[in-house]
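One structure is given below, encoded as structure tokens.
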Amino acid sequence: MAFIQALIDGIMIGGVYAMISIGLTLVFGIMGIVNFAHAEFLMLGMFIAYYAWAWLGLDPLLAAPLSFVIVFGLGCVLQRLLFRRILRAPEISQIFLTVGLLIVLENMALWMFGSNYRSVTTPYQTSSLSLGPIFINVPYLFAFLMSAVCGTALWLFLRLSWFGRAMRATAQDPMASTLMGINADRMHMLAFGLGVGLTAFGGAVILPYLTASPTVGGQFVILMFTVVVLGGLGSVAGAVVGGLAVGVIQSLSALAFPIQLQNLVLFVVFIAVLVVRPQGLLGDVR
Amino acid sequence: MKRFLIGATIVAAAACVPFFLEPRGYVIRVLCITLLFAALAQAWNIVGGLARQISLGHAAFFGTGAYTSTLLLINFGISPWLGMIAAAIIGAIMALLIALPTMRLRGHYFALATLAFAEVMRVIGNSWSSVTGGPVGLSVPFRPDSLLMLQFKTPRPYFWIMLGALVVVTLTFMVIRSSKIGYRLRAIRENVDAAETIGIDTAGTKIIAAVVSGALTASLGTLYAQFQFFFDPDTAFGLASISVRIALIAIIGGVGTVAGPIIGAFFIIPFEELTNSLLSNKAAGVSQIVYGLLLIAVILLEPRGLIALGKTVMTKLSRRKAP
């Protein structure tokens, strides 16, 4: 029974992992840049939701769209100022520009918000639904549902809207899409804003069960990369599978190992996937 | 020969510097750390510079070196000099074990895999408390002013040791660079597939470079432990404190060049110390913000680093002067 309980918890958490990692994979898929600073936008999303709760009394789940909008805007600006200039730069420049951004964002947060751990209190924080012997943690459930709704909305956007199709066209062949009258530069900006915005949205929905701190991004860097590498860098569907897989692996490994070794299992899975199938479980060999 | 003489003169001049400084002073302490990090960046440069394999996990070797010698000293009273040799051997074996699965990875994937390896070491360091002391960290037993125990009361003798380490690592880098392996590594940097086609054993070459780099980095970890007398898993295996900083120094100075890591270290480390001492009371993290902004600026202005930036500025100035 403990196994089924862990499995359900894993799927709940994994759904959120999928949602926060979609942004990372989207940015890579469309711009070809691995953003080491991506987890910092999760941290920003958490803090925006925290202050919306502390100042306006807004529930983090309702503040999630606010986190999305603010970070979307910030992402567009950062794409204009920084990322646009390294699109064709060597990988070493791409890696270290994003590492530099990581350092700046983390320490700016430290400076502005202080190093305290901050958490919100919500009426549903400690409640859980019981289905016979199985319990479903309500904050997990809400975060999972929000992620599912947001992920579906993104999927519809990419499939059906003109912008979504233009974005995917840019990812496939920037030159040909430019010839079709698509402004590739604007698509990159939208994709980057969307990518970091979605991750910030995820940051807000996990706030009811996690604490926000300026260094929270560090806990998520490897996790997010594990998710996207597992599913194949650049693949949105892959991120969903990867996210669920990572959630379940993490939750099940908690049954067998002490808590501090949970991450170790994750890293080992990550390295194993990199070594065996760097193109991801769903990706094609290029 | 001429280059050798210039190099020898610079080293001899540098060795005289401590006589002009307060032996217990702050300045000489900062210089010791600067020399140590210059050596670390130079060791990173063997893999990161020559083959352009960007490692974000050199802290794995560094921390292992610090733990190896210190644990040997605490548990068996073994001199850190021998500990340093043990550290180098373990560092080499670790580099081999890491290189075997990762050497086929390129670019971002290699960076991510090495980063994850260093994180694995950090988690092990934190959770294997019976051996490593866990998150509390380890203190090096204090038996000062003994060359045998590699411990001194004042930073002055450390200055010469760190300088010696930098010379050894720099010479190693230069020897590798001008050897067959160096040319092969540069061929790999330019185009792995082409290098493979003309018959270079790319995997074997990368492994040799990684093993040398790992062994040197681990022995520098021993020096760090003997100099600081205290460390914990989060500093010794730290991503920002070690892995990224080492790579940054090489990149800011000029990646793949002999002088790059040295110039980078003499720019970054004193800068960090200065901003920390000036700003730390007023606002936490401000020095790190400046540090990150500087990195972004260097990447956007001149990704080849300060050396290339200096050259560009010089040519522009001389052009403006000329009619």
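Throughout, protein chains are lettered first and strands after them, A, B, ... in sequence-line order, and every chain is numbered starting at 1. Quick caveat, the model's predicted, so the values are computed rather than measured.
By the 30° and 60° cut-offs, the orientation of the rings of B:Phe237 relative to B:Tyr67 is parallel. Ring geometry for A:Tyr51 against A:Phe113 counts as tilted: the plane angle lies between 30° and 60°, on a 0 to 90° scale.
For B:Arg122, no part lies under 4.5 angstrom from a heavy atom of chain A. If you measure heavy-atom distances from B:Leu239 to chain A, you find no contacts under 4.5 Å at all. In this structure, no portion of A:Leu102 lies under 4.5 Å from any heavy atom of chain B. B:Ile296 touches chain A through backbone and side chain together, each having a heavy atom under 4.5 Å away. The part of A:Gln94 that comes within reach of chain B is its side chain, from C-beta onward, which places non-hydrogen atoms under 4.5 angstrom from that chain. Both the backbone and the side chain of B:Phe117 come within contact range of chain A, each with at least one heavy atom under 4.5 Å from a heavy atom of that chain. In this structure, chain A has a heavy atom under 4.5 Å from the side chain of B:Val255, while its backbone stays farther away. At a 4.5 Å heavy-atom cutoff, the contact between A:Leu97 and chain B is made by backbone and side-chain atoms alike. B:Ile251 touches chain A through its side chain: at least one heavy atom from C-beta onward sits under 4.5 Å away, while N, CA, C and O do not. For B:Val123, the part lying near chain A is the side chain, with the backbone staying farther off; criterion is any non-hydrogen pair under 4.5 Å. At a 4.5 Å heavy-atom cutoff, the contact between A:Phe270 and chain B is made by side-chain atoms alone.
Side-chain atoms of B:Arg52 never come within 3.5 Å of backbone atoms of B:Gly256 as a donor-acceptor pair (strictly under, hydrogens ignored). A donor-acceptor pair under 3.5 Å is formed between the side chain of B:Thr257 and the backbone N or O of B:Gly260.
Among A:Leu24, A:Asn35, A:Ile20, the one residue that satisfies the side-chain contact (heavy atoms from CB on, under 4.5 Å) test with A:Phe41 is A:Asn35. Between B:Ser213 and the choices B:Gln53, B:Gln42, B:His58, the side-chain hydrogen bond (donor to acceptor under 3.5 Å, both in side chains) rule is met once, by B:His58.
Across all non-hydrogen atoms, the minimal contact from B:Asn126 to B:Ser129 is O-OG, 3.8 Å.
With a 4.5 Å cut-off on side-chain heavy atoms, A:Ile206 and A:Leu42 count as touching.
Among B:Ile124, B:Leu248, B:Leu300, the residue making the largest number of heavy-atom pairs under 4.5 Å with chain A is B:Leu300. Chain B forms the most heavy-atom pairs under 4.5 Å with one residue out of A:Leu105, A:Thr98, A:Leu101, A:Ile103, and that residue is A:Ile103. When A:Ser93, A:Ser115, A:Ala109 are compared by the number of non-hydrogen pairs under 4.5 Å with chain B, A:Ser93 comes out ahead. In terms of heavy-atom pairs under 4.5 angstrom with chain A, the leader among B:Leu295, B:Leu112, B:Ile54 is B:Leu112.
Between A:Phe28 and A:Phe225, a ring centre-to-centre spacing not shorter than 6.0 Å is recorded.
At most 12 non-hydrogen atoms from other residues, nucleotides or ligands lie less than 6.0 angstrom from OH of B:Tyr183.
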